[in-house]
Amino acid sequence: MADIGTGHSAVYHKEVPKKSFRSRLGKTWNHMKRDRQLLLLFLPCILFYVIFRYGPLYGLIIAFKDYSVFTGVLGSEWVGFEHFIKFFTNQDFWMLFRNTLLLGLYTLIFGFPFPIMLALLLNEVRNKWFKKSVQTFSYLPAFLSVVIISSMIIDFLSPNHGILNQVLAAFGFEKKYFLVDPGWFRPIYVISEIWANAGYESIIYLAAIAGISPTLYEAAKVDGASRFHMIRHITLPGLFPTMLIMFILKTGSLIRVGYEKVLLLYNPMTYNVADVFSTYVYRKGLLESNYSYAAAVGLFEALVAMVMLLSANAISKRLGGNGLW
């Protein structure tokens, strides 16, 4: 509509009425009825997280109590931040923080590129038999339990009959007990993590590569681009959003080094480089029955992991425009 007094056009917007709560609830119910088969398939996943992830959160309050199994969670006496102060002033705090951070950081730095490189190499292989064979052998460790993988590592590195020491002895070198040498624990842990996870994680990147439009490669071939140039200018940019999401997820678990492999591989000789928050919680909580103190340590570890996850997601959105949410 023209504004006669000023000569400028004025636009009048009609306000869109907000939907009532009842209409939104009805729409949600209709969607649930429509997708009831999919929701039924998703139900076991929901139950798993409710029972084993969100349900135990109730027990975190023992981190602020002097918990006793006889008085129960609610009946135990409140002590506030006593356990946290005790942990922060403990002489083992900085050792645990350093070991946890370094193991997670080394695994991220050296382990993150391997699935990407493996996916790129497998995507370039034209011999189907060779490609399937490599995929099978690289995926195999993902189907083995941590106990089996750790047992294989112990056997491979055994000073008596281990394969590595047999090879060293064949070349005239002295046999070495790698697992009692603190200098070897972190390399062994990182290499075993790469070996166990690289093949499985490469599936995600292969799926992302399959989603890149083939017309881009055809146009590049017409322009005379080599395979290296197509990887650099088409494949890697197409993988970038997936790489960002995977990087965020790995950053969130940077401080939460799994205790299973560390617990199976470390020993008193390597405590000063191998002991992490998770193994410390295991010893204090289950072996020494100091449940409240262990819960406080576990809660601190979870809070640090959450902060790192949120920070990585914020930085990713600022740099690349992509994030988990």
- request: Could you go through the side chain to side chain contact (heavy atoms under 4.5 Å, CB included) check for Arg186 and Asn99 one step at a time?
  value: CA-CA 9 Å; Arg186 288 169 183 161; Asn99 293 342; 2.9 Å; yes

query: Taking it one step at a time, do His229 and Ser226 satisfy side-chain hydrogen bond (donor to acceptor under 3.5 Å, both in side chains)?
result: CA-CA 5 Å; His229 285 94; Ser226 63; 2.6 Å; yes

message: Test side chain to side chain contact (heavy atoms under 4.5 Å, CB included) on Phe64 and Val79; report intermediate values, then the result.
response: CA-CA 6 Å; Phe64 306 94; Val79 294; 5.7 Å; no

- prompt: Is there a side chain to side chain contact (heavy atoms under 4.5 Å, CB included) between Lys284 and Val297 once you walk through the steps?
  reply: CA-CA 9 Å; Lys284 292 296 180 179; Val297 178; over 6 Å; no

task: Start with the C-alpha gap between Arg283 and Glu288, add the side-chain angles, then the distance that decides, and say whether salt bridge (charged side-chain N to carboxylate O under 4.0 Å, His left out) holds.
output: CA-CA 6 Å; Arg283 291 202 310 274; Glu288 300 180 15; 5.5 Å; no

Verdict with reasoning, Phe300 to Phe88, per ring-ring contact (aromatic ring centres under 6.0 Å, His included): CA-CA 10 Å; Phe300 168 76; Phe88 295 149; 5.2 Å; yes

message: For Ser76 and Ser68: C-alpha separation, side-chain torsions, deciding distance, then whether side-chain hydrogen bond (donor to acceptor under 3.5 Å, both in side chains) applies.
response: CA-CA 6 Å; Ser76 300; Ser68 172; 5.8 Å; no

task: Take Tyr291 and Ser289 through the test side chain to side chain contact (heavy atoms under 4.5 Å, CB included) and record every step on the way to the result.
output: CA-CA 5 Å; Tyr291 303 113; Ser289 300; 3.7 Å; yes

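Under a 3.5 Å cut-off, the side chain of Thr28 and the backbone N or O of Arg24 do form a donor-acceptor pair. No donor-acceptor pair closer than 3.5 Å links the side chain of Arg53 to the backbone N or O of Val50. Proximity of a side-chain donor or acceptor of Asn267 to a complementary backbone N or O of Leu179 within less than 3.5 Å is detected. Under a 3.5 Å cut-off, the side chain of Glu124 and the backbone N or O of Ala119 do not form any donor-acceptor pair. At least one donor-acceptor pair under 3.5 Å links the side chain of Ser292 to the backbone N or O of Lys65. Between the Asp275 side chain and the Leu96 main chain, no donor and acceptor come within less than 3.5 Å of each other. Distance alone, capped at 3.5 Å, is enough to place a donor-acceptor pair between the Asp181 side chain and the Gly183 backbone. Using a distance-only test at 3.5 Å, with no hydrogens or angles considered, no donor-acceptor pair links the side chain of Asn123 to the main chain of Ile209. Ser311 places a side-chain N or O within donor-acceptor distance of the main-chain N or O of Val307, the cut-off being under 3.5 Å.
Judged by the 6.0 Å distance and 45° axis criteria, Lys250 is not positioned over the aromatic ring of Phe112.
In this structure the side chain of Phe130 never reaches within 4.5 angstrom of the side chain of Ser133, judged on heavy atoms. When side chains are defined from C-beta on, Asn197 does not count as touching Phe114, because their heavy atoms never get closer than 4.5 Å. Counting only heavy atoms from C-beta outward, the side chains of Ile231 and Leu120 approach each other to under 4.5 Å. You'll find the side chain of Met246 reaches within 4.5 Å of the side chain of Tyr205, heavy atoms only. Side-chain contact check for Leu108 versus Thr251: some heavy-atom pair is nearer than 4.5 Å. Using a 4.5 Å heavy-atom threshold, the side chains of Asp155 and His161 count as touching. No side-chain heavy atom of Asp66 sits less than 4.5 Å from a side-chain heavy atom of Glu82. Side-chain contact between Glu193 and Tyr189 is present, with at least one heavy-atom pair separated by less than 4.5 Å.
Taking OG1 of Thr235 as the reference point, atom CE of Met230 lies at 8.0 Å (rounded to 0.5 Å). Taking OG of Ser158 as the start and CD1 of Ile153 as the end, the distance is 13.5 Å to the nearest 0.5 Å.
Looking at Ile191, Leu105, Ile194 one by one, the single match for side chain to side chain contact (heavy atoms under 4.5 Å, CB included) with Phe110 turns out to be Ile194.
Ring geometry for Phe97 versus Phe277: interplanar angle over 60°, hence perpendicular rather than tilted (30 to 60°). Classified by interplanar angle (parallel below 30°, tilted 30° to 60°, perpendicular above 60°), the ring pair Phe87/Tyr280 is tilted. Ring planes of Phe178 and Trp184: perpendicular class, angle over 60° (limits at 30 and 60°).
Summarising the geometry of Gly238 relative to Pro241, their closest heavy-atom pair is O-CD, 3.6 Å, with the distance given to 0.1 Å. The nearest pair of heavy atoms linking Ala274 to Val262 is O-CG1, 3.2 Å. Scanning all heavy atoms of the two residues, the minimum distance from Glu301 to Ser278 falls at OE2-OG, 3.3 Å. The minimum heavy-atom distance linking Asn290 with Lys86 is given by the pair ND2-NZ, 4.3 Å.
Note on Leu57 and Val304: same hydrophobic cluster, where clusters join Ile, Leu, Val, Met, Phe, Trp and Tyr whose side-chain heavy atoms are under 4.5 Å apart, directly or indirectly.
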